[in-house]
Amino acid sequence: MSDFFTIEWQDGAVVMLDQRLLPTREVYRTYRDYRGVARAIKEMVIRGAPAIGVAAAMGIALGARQLKKIDRPEEFDRLCQVFAATRPTAVNLFWAIERMRAVYTRTRAQGREALCAHLEHAARKLRDEDIAANRRLGRYGTTLIPQGATVLTHCNAGALATAGYGTALGVIRAAWEQGKKITVVVPETRPFLQGARLTAWELMKDCIPVTLITDNMVGHFMQKGQIDCVVVGTDRTAANGDVANKIGTYTTAVLAARHQVPFYVAAPTSSIDLTCATGALIPIEERAAREVTHVLRQQIAPTGIRVANPAFDVTPHELVSAIVTEKGIARDPFGQTLVQLVKGGQKEKGEKAKREKGEEGW
Ligand code: MRU
């Protein structure tokens with residue numbers, strides 16, 4: 001059980017851990033104005049696909065209280081637009097906005113108080129559902145992790161990237177909780193350093209053995225046979241199984257294929273976009289040049305240098321060994337298996353028993 005939280009609704013405000021300051025400072029920020037929440041998503045106070053979905057939902061619940069005319073759909077639309085404009089790649093954000101829009105449409109006739117209460121309830125529910133989904137996903141994923149394996153993950157798809165427990169780190173946590181003596185290798189993840197700052201911090205807090213490497217060491221360790229499998233998260237997985245995730249994921253997948261290392265993607269169904277046929281259609285966020293020219297506050301490149309900074313890349317489905325969701329595990333042909341999972345789902349053995357043991361309360 002970790003001693004931090006990523007995002008919570010507390011006394012009519014949204015509270016989140018400022019991830020820009022980790023690992024050296026643990027500071028929680030409180031937002032009472034929806035514009036602050038939108039800025040926090042843009043500026044990476046909170047990041048990670050499921051986490052920004054929850055933040056947007058809570059931001060919309062806050063914003064609804066600030067609307068002048070609650071019964072005007074155009075006003076509610078403008079509020080949703082503020083969140084839709086924060087970050088383009090993670091589909092969870094848009095998925096969460098659509099869920100909130102549906103609640104608005106269903107309950108707006110009930111008046112301001114009831115509507116705001118419904119929106120708040122929906123946002124909190126979305127958070128709880130995310131944690132429960134990650135736990136289920138983790139249990140499916142752990143079947144892929146051998147006893148004693150060295151697992152490489154990229155970026156941070158952990159508790160910090162979700163409402164809790166994590167997706168890729170959920171698989172790793174579940175394996176650890178089952179007593180598998182695993183070790184995790186985490187590349188630092190330039191330019192924003194989610195691996196070094198966040199994943200290393202999270203895993204150390206849970207006492208899961210972790211080794212930090214730089215991004216350009218991945219090939220070396222695979223060539224030496226020191227990586228048994230890769231598990232990463234995703235910001236958006238297309239209907240054909242192409243996976244958009246943090247920049248550098250594609251490079252890792254190519255290396256994994258070259259060295260016959262299984263490459264797994266932990267993808268809650270909220271991050272699967274069946275309306276997006278292939279990865280080529282996924283919008284890739286371009287972030288500020290300063291993230292590349294500077295490491296933290298230190299300038300490391302000449303002033304005025306031209307910079308490219310795509311935040312994500314797309315791994316083609318041929319390089320993906322399996323996609324783990326909270327409803328089961330999909331394998332090629334992903335075009336069929338993903339639809340089956342998103343719309344139906346496999347039965348998880350012993351799931352009811354585990355729920356009864358209270359394991360959902362991360
Ligand atoms: O730019 P970020 O830090 O929001 O990118 C996060 C990632 O790429 C994660 O791997 C992805 O969102 C999955 S999180 C469960």
Side-chain angles (χ1 to χ4, degrees), residues 1-9 16-17 46 48-55 57-58 90 92 95-96 99 122-145 147 149 151 153 155-180 182 184 198-199 201-203 205-208 210 229 231-235 237 264-272 322-330 338 341-342 344-362:
M1 184 97 165
S2 300
D3 63 353
F4 65 91
F5 65 85
T6 305
I7 182 164
E8 274 185 6
W9 181 276
M16 50 179 103
L17 181 57
I46 189 162
I52 63 176
V54 174
M58 289 188 175
N92 306 61
W95 171 86
R99 281 207 22 179
R124 296 168 77 143
K125 186 159 170 258
L126 204 129
R127 177 185 180 277
D128 295 346
E129 282 176 7
D130 182 59
I131 298 172
N134 294 338
R135 280 202 159 268
R136 279 197 297 278
L137 185 155
R139 286 199 289 271
Y140 277 116
T142 191
T143 59
L144 302 169
I145 310 291
Q147 175 64 263
V151 184
T153 188
C155 189
N156 174 267
L160 290 166
T162 60
Y165 202 69
T167 59
L169 291 198
V171 172
I172 286 166
R173 275 200 172 92
W176 183 253
E177 285 163 9
Q178 284 184 3
K180 291 186 177 170
I182 53 171
V184 182
L198 309 178
T199 299
W201 180 80
E202 248 195 83
L203 291 174
K205 269 199 179 263
D206 279 4
C207 301
I208 300 175
V210 53
C229 63
V231 187
V232 295
T234 175
D235 288 81
T237 290
Y264 302 124
V265 177
T269 51
S270 58
S271 63
I272 298 172
I323 298 177
V324 187
T325 77
E326 77 279 19
K327 295 183 174 183
I329 300 178
L338 283 181
L341 273 190
V342 172
Q346 298 162 357
K347 283 264 172 298
E348 187 192 359
K349 267 199 239 137
E351 186 176 8
K352 193 162 163 266
K354 278 173 189 152
R355 258 206 307 277
E356 280 160 5
K357 273 184 8 201
E359 286 182 13
E360 303 288 0
W362 190 80

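Everything quoted here is computed from the prediction, not taken from an experiment. The residues of the chain are indexed from 1 along the displayed sequence.
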Which residues share a side-chain hydrogen bond (donor to acceptor under 3.5 Å, both in side chains) with [X], sequence neighbours left out:
| X | result |
| --- | --- |
| W9 | E120 |
| S271 | none |
| D235 | none |

Distance (rounded to the nearest 0.5 Å) between [X] [atom1] and [Y] [atom2]:
| X | Y | atom1 | atom2 | value |
| --- | --- | --- | --- | --- |
| E326 | R135 | CD | CZ | 14.5 Å |
| I52 | I46 | CD1 | CD1 | 8.5 Å |
| L203 | T153 | CG | OG1 | 8.0 Å |
| L144 | I329 | CG | CD1 | 4.0 Å |
| I272 | T237 | CD1 | OG1 | 6.0 Å |
| N134 | T162 | CG | OG1 | 4.5 Å |

Donor-acceptor under 3.5 Å ([X] side chain, [Y] main chain):
| X | Y | answer |
| --- | --- | --- |
| Q178 | T142 | no |
| K180 | I145 | yes |
| T199 | C155 | yes |
| D130 | A163 | yes |
| T167 | A267 | no |
| E202 | A159 | yes |

Where is the tightest heavy-atom contact between [X] and [Y], given as atom of each residue plus distance?
| X | Y | value |
| --- | --- | --- |
| P268 | P50 | CG-CG, 4.4 Å |
| N92 | S270 | ND2-OG, 3.0 Å |
| A168 | A266 | N-CB, 3.5 Å |
| Y264 | C229 | CE1-CB, 4.0 Å |
| G344 | K327 | O-CD, 3.6 Å |
| W176 | D206 | NE1-O, 4.0 Å |

Pairwise side-chain contact, [X] with [Y], heavy-atom cut-off 4.5 Å (strictly under):
| X | Y | value |
| --- | --- | --- |
| N156 | W201 | no |
| M58 | R127 | yes |
| W95 | T269 | no |

Q: Answer yes when E177 and R173 have at least one side-chain N-carboxylate O distance shorter than 4.0 Å, and no when they do not.
A: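 Salt bridge flag = no for R173 with E177.
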
(Q) What verdict does the side-chain contact (heavy atoms from CB on, under 4.5 Å) test give for L160 and F4, after you've listed the backbone C-alpha separation in whole Å, the side-chain angles of each residue and the deciding distance to 0.1 Å? (A) CA-CA 9 Å; L160 290 166; F4 65 91; 3.7 Å; yes

Q.
Surrounding NZ of K205 (heavy atoms of other residues, nucleotides or ligands, distance under 6.0 Å), is the total greater than 12?
A.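 Yes, because the 6.0 Å sphere around NZ of K205 holds more than 12 heavy atoms from other groups.
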
